[in-house]
Amino acid sequence: MKILVCISHVPDTTSKINFTDNDTKFDTNGVQFVINPNDEFGLTRAMWFKEKQGASVHVINVGGAETEPTLRKALAIGADEAIRIDTEATDGFSVAKQLANVVKEGGYDLVLGGRESIDYNGGMVPGMIAQLTGANFVNTCIGLEIEGDTATAIREIDGGKETVKAKLPLVVGGQKGIVEESDLRIPNMRGIMQARKKPLTVKDAVDANAETQTAQFEKPAPKGDIKLVETVDELVDLLHNEAKVI
Amino acid sequence: MSVVVYTESEEGTFKKIAQEAVSYAKGIADKMGVPVTAVAINGGDTSELGKYGADKVLNVSNDKLSKFNAEAYADAVAQAAKKEGAKVVVVSSSANSKYMAPLLAVNLDAGYVSNVTELPESTEPFKVKHSVFTNKAFSITEFKTDVKVIGLAKNAYGVKENEAAGTAEDFAPELSSEDFSVDVVSVDKATDKVTIADAEIVVSGGRGLKGPENWEMIEEMADILGAATACSKPVSDMGWRPHSEHVGQTGKPVAANLYIAIGISGAIQHLAGINASKTKVVINNDPEAPFFKNADYGIVGDAFEVVPKLNEKLKEFKAQNG
C-alpha cells in the first residue's frame with residue numbers, strides 16, 4: 001500500500017498570534033512551528049499500517065524551504081520519503097490542487113490529512129483532494145482499518161459516530177481517535193539521524209491560482225475583566241439579568 | 001440568480017443551524033438584491049423555511065438520500081445552485097456540512113471560506129470575516145471566484161425571522177452510483193441527550209472533580225439547564241468521560257451561548273476550543289487558574305460545595321422562570 005500523509009506546518013498552540021504589514025501577514029517572529037496536530041494523528045496511523053501491514057509512507061507539504069524541518073520531523077517519526085511543493089501556501093483550494101496533482105502522479109492508495117489545520121482552520125484540503133482526484137473521502141475519521149482494497153472507517157458525527165465502507169483510493173480527514181494521543185511518537189536519536197539521509201524532494205508547483213485571499217487580519221477586542229462573585233445567588237442573577245443566557 | 005442555502009434536517013425536522021443559515025442567506029441576498037432559495041433534502045414540512053427568509057424551497061425527496069452521504073448531497077446542492085444560477089451558496093458548520101462543503105466547492109469551482117462570523121462587509125469585491133487561529137484572530141477574506149461557498153460559524157449570526165413566500169418546488173437531482181461509493185454501514189447516535197454540537201449551554205468538568213463518580217452533579221446541572229455535558233482533555237484521556245465530550249483544540253469546538261467550566265484550570269488548548277462561546281463561567285478552587293483570566297464570571301471555591309448549591313438555586317430559578 002502506498003500512503004501519502006499531508007503535513008501542514010503550523011504555529012505551536014502556545015504561539016502568540018500577531019500580524020505585520022498593516023495586519024495583512026502572520027508574524028512568524030519567535031513562533032515555533034510544528035506538525036499540525038490533526039495531521040500527526042494521521043501520520044501515526046500511517047506508521048501503524050507500515051509496521052503491521054506493510055506500506056510505504058510519503059509525507060508532503062506545500063510551502064517554502066522554512067517548512068523543511070517539519071517534514072524532517074515527519075521523516076524522523078518514520079516516514080520513508082518527503083516531498084515539498086515549492087510555493088507559498090495561500091488558500092486551501094490552491095493547496096489542494098497542488099496536492100491533488102502529486103496524488104494523481106504518485107498513484108497513492110491512501111491519502112491521510114487532518115480534519116483541519118490549527119492555523120487557518122479551513123477544513124477543506126482533504127475533501128478537495130478527493131474530489132479533484134476522484135478518490136473516495138471520509139472526514140472527521142476516528143477509526144480506520146484496511147483490508148485488501150476496502151477501508152472500514154468510523155467517523156465522528158454530531159452527537160455520535162457512524163461506520164462507513166469505501167474502496168481505495170481513499171482520502172481521509174483524520175483527528176484524535178484515528179490514533180490516541182498516547183500513541184503519538186516522539187522522534188528518537190536514531191530516527192533523527194536516519195531522517196537526514198532520507199530523500200526530501202522539492203517539486204515545482206503547478207499552475208493553480210488561489211480562489212480566495214486574505215485582505216486583512218483582526219484580533220478580537222480585548223476581553224473585559226472577570227466578575228468574581230461570592231454566592232450562587234449573585235451568579236444566577238448575573239447570568240439572567242446581565243448576560244441574559246438563562 | 002439567487003443565494004442558495006443548504007438546510008440541514010434530521011428525521012424530517014429542520015435543525016436550528018438550518019434556520020440560522022437561512023437567516024444569514026437572507027442577509028446576504030438583501031445586500032445583493034436577489035432572492036433566497038433553500039435546498040431541503042428529505043426535509044419534511046418545508047413551509048417553516050419561509051419564516052426565516054426563504055423565497056423558494058427546492059424540495060429533494062429521495063430514499064437513497066435518507067442517510068447523509070457527503071458526495072451525493074454535494075452533487076444535489078451543486079445541481080440546485082447551478083439551476084438557480086447562484087453566485088453564493090451558504091452551508092452550516094455541522095460535522096456533515098463541513099464534510100460536504102469542500103466537495104461542493106470543487107463541484108462549483110468555487111472558493112470556500114468556513115467559520116464565517118458576519119455578513120459580508122462588501123459584495124463587490126466579496127469579502128467575509130471568519131475566525132482563524134482557533135478563534136484567536138479573524139481574517140477578512142476576499143473571494144476571487146464567480147461562485148462562493150460560505151460556511152457559517154455556529155451561533156455567530158443567530159436565527160432571525162424575516163417572512164418570505166417559502167414556495168415549495170420539487171427538485172430531482174441526477175445522481176449516479178459513484179455518488180454512493182462511500183457506504184454508510186451503521187449510525188450510532190445518542191438520541192436522548194443534548195449534544196455539544198446542538199447545545200446552547202454546555203456544562204463541562206475537569207480534573208478538579210476527582211473522579212467519574214462525581215459527574216452526577218454535572219449531569220444534574222445539565223438536566224436543569226437543558227445543556228450538554230463536556231469535559232477537559234485529561235478527563236477523557238483518563239477514561240472518566242467519553243472522547244466525544246472532550247472539548248479543546250484536538251477535541252470538540254464549542255460555540256455555546258453559555259459555557260460553564262467546573263474544576264478546569266484552563267490549559268491553552270482547552271481555551272482555544274471554547275473561545276467562540278459567548279459567556280464563560282468558571283468555578284475553581286485555585287484563584288490562579290488561567291481560566292479566571294478568560295471567563296466572564298467566576299466563583300473561587302470548592303466545586304463540591306459550590307455546584308450542589310448552584311444546582312439548587314438553578315432549580316428554584318427554573319421553577320419561577322420556566
TODO: Could you look at B:Ala267 and say if it's the side chain, the backbone, both or neither that has a heavy atom under 4.5 Å from chain A?
DONE: neither
Open item on the list: Shorter than 4.5 Å, heavy atoms on both sides: which option in A:Glu162, A:Lys97, A:Lys244, A:Arg155 has the most such pairs with chain B?
Closed with: A:Arg155
Task: Side-chain donor-acceptor pair present, B:Lys98, B:Asn115, cut-off under 3.5 Å - done: yes
Open item on the list: Need one label for A:Leu239: side chain, backbone, both or neither, based on atoms under 4.5 Å from any heavy atom in chain B.
Closed with: side chain
Task: Contacting region of A:Leu235 [heavy-atom separation from chain B under 4.5 Å] - done: side chain
Open item on the list: Can you tell me which portion of A:Lys223 sits under 4.5 Å from chain B's heavy atoms? Options are side chain, backbone, both or neither.
Closed with: side chain
- [ ] Mark yes or no for whether B:Lys293, through its side chain, and A:Asp225, through its backbone, hold a donor-acceptor pair below 3.5 Å.
- [x] no
TODO: Give me the one residue out of A:Leu110, A:Thr152, A:Ile154, A:Val138 that meets side-chain contact (heavy atoms from CB on, under 4.5 Å) with A:Leu144.
DONE: A:Leu110
- [ ] Would you kindly say whether A:Gln131 and B:Asn107 are connected by a side-chain donor-acceptor distance under 3.5 Å?
- [x] yes
Open item on the list: Report which part of A:Phe137 has an atom under 4.5 Å of a heavy atom belonging to chain B: side chain, backbone, both, or neither.
Closed with: both
Open item on the list: Suppose we call two aromatic rings close when their centres sit under 6.0 Å apart. Are A:Phe26 and B:Phe133 close by that rule?
Closed with: yes
- [ ] Would you please say whether a donor-acceptor pair under 3.5 Å links the side chains of A:His9 and A:Thr70?
- [x] yes
Task: Check: A:Ser15 side chain, A:Pro11 main-chain N or O, donor-acceptor pair, under 3.5 Å - done: no
Open item on the list: With a 4.5 angstrom heavy-atom cut-off, is it the side chain or the backbone of B:Ala105 that approaches chain A, or both, or neither?
Closed with: both
Task: Atom group of B:Tyr297 that falls short of 4.5 Å from chain A, counting heavy atoms - done: both
Open item on the list: Which atoms of B:Leu225 are under 4.5 Å from chain A, going by heavy atoms: the side chain, the backbone, both sets, or neither?
Closed with: side chain
- [ ] Count the heavy-atom pairs under 4.5 Å between each of A:Gly127, A:Gly134, A:Pro126 and chain B, then report the option with the highest count.
- [x] A:Gly127
- [ ] Mark yes or no for whether B:Lys148, through its side chain, and B:Asp146, through its backbone, hold a donor-acceptor pair below 3.5 Å.
- [x] yes
TODO: Considering only heavy atoms and a distance below 4.5 Å, find which of A:Glu230, A:His240, A:Lys219 pairs most often with chain B.
DONE: A:His240
Open item on the list: If we define contacts as heavy-atom pairs under 4.5 Å, which of B:Ala197, B:Ser114, B:Ser139, B:Pro287 has the most with chain A?
Closed with: B:Ser139
Task: Member of A:Lys161, A:Gln175, A:Arg115 meeting the side chain to side chain donor-acceptor pair (under 3.5 Å) criterion with A:Glu156 - done: A:Gln175
Task: Partner chain A: residue of B:Lys280, B:Lys127, B:Lys129, B:Glu316 with the largest heavy-atom pair count (under 4.5 Å) - done: B:Lys129
Task: Proximal component of B:Ser244, with respect to chain A [non-hydrogen, under 4.5 Å] - done: both
Open item on the list: Does any backbone or side-chain atom of A:Glu181 lie under 4.5 Å from a heavy atom of chain B? Answer side chain, backbone, both or neither.
Closed with: side chain
TODO: Pick whichever of B:Asn257, B:Asn321, B:Asp237, B:Thr250 has the most heavy-atom pairs under 4.5 Å with chain A.
DONE: B:Thr250
- [ ] Let me know if B:Glu71 has heavy atoms under 4.5 Å from chain A in its side chain, its backbone, both or neither.
- [x] side chain
Task: Donor-acceptor pair, side chain of B:Asp179 and main chain of B:Ser176, under 3.5 angstrom - done: yes
- [ ] Return the option, out of A:Pro37, A:Gly122, A:Gly123, A:Gly92, with the maximum number of heavy-atom pairs under 4.5 Å with chain B.
- [x] A:Gly122
Open item on the list: Could you tell me if B:Thr195 and B:Asp198 have a donor-acceptor pair between their side chains, going purely by distance under 3.5 Å?
Closed with: yes
- [ ] Would you mind telling me which of B:Lys233, B:Lys318, B:Lys67 has the largest number of heavy-atom pairs within less than 4.5 Å of chain A?
- [x] B:Lys233
Open item on the list: Is A:Ser182 close to chain B through its backbone or its side chain, or both, or neither, when contacts mean heavy atoms under 4.5 Å?
Closed with: neither
TODO: Taking B:Ser97 for its side chain and B:Ser93 for its backbone only, find out whether a donor-acceptor pair lies under 3.5 Å.
DONE: no
- [ ] Among B:Thr141, B:Asn275, B:Leu104, single out the residue with the greatest number of heavy-atom pairs under 4.5 Å to chain A.
- [x] B:Thr141
Open item on the list: Please check: side-chain N/O of A:Asp109 versus main-chain N/O of A:Leu168, any donor-acceptor pairing under 3.5 Å?
Closed with: no
Open item on the list: Counting only non-hydrogen atoms closer than 4.5 Å, does B:Ala272 touch chain A with its backbone (N, CA, C, O), its side chain (CB onward), both, or neither?
Closed with: neither
TODO: Would you check if the side chain of A:Asp21 reaches a backbone N or O of A:Thr24 as a donor-acceptor pair within less than 3.5 Å?
DONE: no
Task: Carboxylate-amine/guanidinium contact A:Arg45 A:Glu145, below 4.0 Å - done: yes
Open item on the list: As an exercise: rank A:Asn38, A:Asp23, A:Val10, A:Thr212 by heavy-atom pairs under 4.5 Å with chain B and give me the winner.
Closed with: A:Thr212
Open item on the list: Is B:Val282 close to chain A through its backbone or its side chain, or both, or neither, when contacts mean heavy atoms under 4.5 Å?
Closed with: side chain
Open item on the list: Heavy-atom cut-off 4.5 Å, strictly under: side chain, backbone, both or neither for A:Pro220 against chain B?
Closed with: both
TODO: Determine the minimum heavy-atom distance between B:Met100 and B:Phe68, stating which atoms define it.
DONE: CB-CZ, 4.0 Å
Task: Residue part contacting chain B, namely of A:Ile17, when any heavy atom lies under 4.5 Å - done: side chain
Task: Between B:Val300, B:Val187, B:Leu258, B:Asp188, the one whose heavy-atom pairs under 4.5 Å with chain A are most numerous - done: B:Asp188
- [ ] Quick one: which of A:Leu228, A:Asp119, A:Thr214 has the most heavy-atom pairs under 4.5 Å with chain B, could you say?
- [x] A:Asp119
Task: Region of A:Phe93 in contact with chain B, defined by heavy-atom distances below 4.5 Å - done: side chain
Task: Polar contact flag, side-chain donor to acceptor under 3.5 angstrom, A:Thr231-A:Asp233 - done: no
Open item on the list: Is A:Val229 in contact with chain B via its backbone, its side chain, both, or neither, using a 4.5 Å heavy-atom distance?
Closed with: both
